[in-house]
Amino acid sequence: MSKPVMVRIRKNANQLSPAERDRFTTTLAKLNDQGAGLFKDFREMHRQQLALAQAHGAPGFLSWHRAYLLDLERELQRLDPSVTLPYWRFDQPAPNLFTADFMGRSGALGNVSFSGTNLLRQWQTDGAAGVTREPGFNVQTGRANVINQAITLLLGGDRPNAIFDTGTDQDGFDEMEFNPHGNAHTSFTGSSYIRSRGTAPRDPLFFLLHCNVDRLWARWQWFHNRFDGTQPNTFFFRGSATSTPHTDIGHNLLDTMWPWNNVTGFPRPDNAPRTPFPQVATATAPGPAPTVGDMIDYLGFLNAQSDMNFAYDVPFGVAPT
Ligand SMILES: [Cu+2]
């Protein structure tokens, strides 16, 4: 018996073909539609303090951002089914990414310029044209100021390998929210959009940065076999009668996540820009109101129904490097 599948593969942005690169930039530009398009909801979800609290500084960080990226990717695929989110491997030089044909070239004062064939040249957000981005590293030869992938994959080794620790210290895989994730953001200086959480989604590069954060989690999951959310070593805060709940709503395994759950009002924001989670013909997961735990078994290893129809290009069947 066999079943036809088309898994959408997310690739290293630095290695995309010109055609793949152009399809991605064109589709993202269309989704933004010079600031008037549906993309503005994705900025809104990552702007105000209450929205940011739903997604950061607590155990749901990785699950929330996995859902956020997949939501965006599905919207892009509605416009062009061949597009997937590329990832910026920020611990390696990516000279092909910081070009006028792709994410743009930073000039004086962080003004980013695009080539005449790159539709991102029309980029506008919140009434402002263009992107402000000042790399604090040499984009030709250097890399972001982050710990490398091999070190990242060993984070949380003493818990052992719990996705999030018991709350008394920072020694689980959750450390990665700070380094490499936070360090990748702060590898840009001055008034770079991507440096601050509230403005980061105004820079298209933000989504490539987060795609790599998600890829690192995926690789860590594979390396340590962490696909079963009911195991404390995969996710500590169960939020059930038999385990310690995390005090922040939206950060327990069984909590549904804003905005897809359409639950509003303090401590959640007053509106839910994206609800329900988009459903597609190629995958049954996640459902319209994903929980933190729903995002963990994204390849359907434990339950075929959990397959979300995305994967990363790097073969995970070898020792991490
Ligand atoms: Cu974020």
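Please read these numbers as outputs of a predicted model, since none were measured by experiment. Both ligands and their constituent atoms are indexed starting at 1 by order of listing.
Protein nitrogen, oxygen and sulfur atoms, that is N, O or S, within less than 2.8 Å of the Cu ion (ligand 1) amount to 3.
In this structure, Arg8 fails the cation-pi test against Phe310, since its NZ or CZ atom is not both closer than 6.0 Å to the six-membered ring centre and inside 45 degrees of the ring normal. Judged by the 6.0 Å and 45° rule, Arg195 forms no cation-pi pair with Phe188.
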Residues 48-60 side chain polar contacts: donor-acceptor under 3.5 Å, at least two apart:
from  : atom 1 : to    : atom 2 : distance (Å)
His56 : ND1    : Leu52 : O      : 2.7
His56 : NE2    : His46 : NE2    : 3.1
His56 : NE2    : His65 : NE2    : 3.3

(request) Output, in order, the C-alpha distance, side-chain angles, deciding distance and verdict of ring pair (Phe, Tyr, Trp, His ring centres under 6.0 Å) for Trp260 and Trp64. (result) CA-CA 10 Å; Trp260 304 285; Trp64 190 93; 5.6 Å; yes

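The ring-ring contact (aromatic ring centres under 6.0 Å, His included) test applied to Trp123 returns Phe39, not counting sequence neighbours. For Trp258, there are no side-chain hydrogen bond (donor to acceptor under 3.5 Å, both in side chains) partners at least two apart in sequence or on another chain.
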